[in-house]
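First comes the structure, then the notes that go with it.
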Amino acid sequence: LHPPCTDEQVEVLWAFTDFNEDGTVNATELHDSLLSGPVQAHLHQMQAEFRENERALAERTMRHQVDRDLLSQKVDERVEKDDAFATLPLSFIAFVSFIALVLFHLHIQDRYSVANSVQEWVKGYGAELEGPFFESYVANVDGMWDWLSTSGLASVFGDCRNRTTS
């Protein structure tokens with residue numbers, strides 16, 4: 001039904017429909033109640049009230065004047081809302097493309113792997129030597145220079161002290 005029935009209206013319809021009062025309505029009871037006078041009259045009354053309310057609402061809304069500013073404001077709001085939804089897929093595609101280009105063009109994963117490898121190699125270099133070692137020895141600027149001259153440069157460039165060029 002349009003409009004839907006209220007709880008009170010459903011109770012009235014139920015009272016006129018459940019003839020044998022067993023708490024259920026079978027097809028025969030429903031058919032007979034819809035064709036009987038009280039249910040038909042009640043349904044017609046509900047529909048008439050609804051139509052009258054709709055007509056009154058339409059009359060009230062027709063009396064309101066829409067000026068240019070209100071119309072312009074409502075159109076602007078609608079266009080702004082629609083534009084935001086219309087550009088969302090394109091914005092999403094552009095954002096995903098940008099992220100993909102940055103990741104693949106700059107080789108971020110490869111650079112991270114190389115940096116980690118060099119860092120771990122420098123930390124672990126000279127395990128067979130007596131030191132100084134990066135993790136345990138470098139605590140200040142002098143220690144950094146000492147480590148760099150004895151172990152650090154050798155970890156990066158190899159041990160060149162005993163090599164001669166011919």
Side-chain angles (χ1 to χ4, degrees), residues 1-18 23-35 38-127 133-136 138-141 144 147-148 151-158:
L1 290 175
H2 184 70
C5 296
T6 63
D7 291 340
E8 295 83 22
Q9 292 169 335
V10 170
E11 289 297 324
V12 169
L13 290 174
W14 185 262
F16 288 121
T17 305
D18 190 16
T24 62
V25 174
N26 59 32
T28 307
E29 287 176 331
L30 181 62
H31 181 265
D32 293 343
S33 69
L34 290 176
L35 296 179
V39 173
Q40 268 187 340
H42 187 68
L43 290 175
H44 284 297
Q45 179 186 356
M46 282 177 38
Q47 292 298 320
E49 288 173 3
F50 177 72
R51 282 193 295 273
E52 179 59 32
N53 289 340
E54 289 290 313
R55 188 190 59 73
L57 179 64
E59 252 182 43
R60 282 194 309 269
T61 56
M62 294 303 262
R63 282 190 240 136
H64 290 294
Q65 294 294 321
V66 177
D67 61 353
R68 181 181 178 91
D69 293 334
L70 179 64
L71 178 65
S72 175
Q73 176 190 0
K74 293 298 178 184
V75 168
D76 288 343
E77 288 173 4
R78 183 61 185 235
V79 166
E80 186 176 327
K81 179 181 160 195
D82 289 348
D83 283 350
F85 284 122
T87 59
L88 184 63
L90 182 61
S91 299
F92 181 74
I93 290 170
F95 183 70
V96 168
S97 300
F98 174 74
I99 296 294
L101 286 173
V102 166
L103 289 176
F104 293 120
H105 178 70
L106 296 180
H107 304 287
I108 291 174
Q109 184 64 34
D110 296 338
R111 292 172 191 265
Y112 177 75
S113 298
V114 168
N116 266 353
S117 300
V118 169
Q119 182 179 5
E120 291 301 317
W121 187 61
V122 167
K123 284 181 185 177
Y125 179 78
F133 302 113
F134 186 72
E135 290 281 323
S136 61
V138 177
N140 56 21
V141 175
M144 176 68 185
W147 171 81
L148 193 59
S151 296
L153 290 176
S155 72
V156 175
F157 297 113

Less than 4.0 Å between a side-chain N and a carboxylate O, is that true for Glu54 and Arg51? no
Pairwise distance CD(Gln47) to CD(Glu52) - rounded to 0.5 angstrom: 13.5 Å
Taking only residues two or more places apart in sequence, or in another chain, which ones meet Glu80 in a salt bridge (Lys or Arg N to Asp or Glu O under 4.0 Å)? none
Sequence neighbours excluded, the answer for salt bridge (Lys or Arg N to Asp or Glu O under 4.0 Å) partners of Asp82 is Arg78
What I'd like to find out is whether the side chain of Leu70 reaches to under 4.5 Å of the side chain of Gln73, using heavy atoms alone. yes
Which pairs of donor and acceptor atoms, one on a side chain in residues 89-100, lie under 3.5 Å apart (sequence neighbours left out)?
| residue | atom | partner | partner atom | Å |
| --- | --- | --- | --- | --- |
| Ser91 | OG | Thr87 | O | 2.9 |
| Ser97 | OG | Ile93 | O | 2.8 |

Between Leu71 and Lys74, is a side chain to side chain contact (heavy atoms under 4.5 Å, CB included) present by the stated rule, with each step listed? CA-CA 5 Å; Leu71 178 65; Lys74 293 298 178 184; 5.6 Å; no
Between Lys81 and Glu77, does at least one N-O distance fall below 4.0 Å, as a salt bridge requires? no
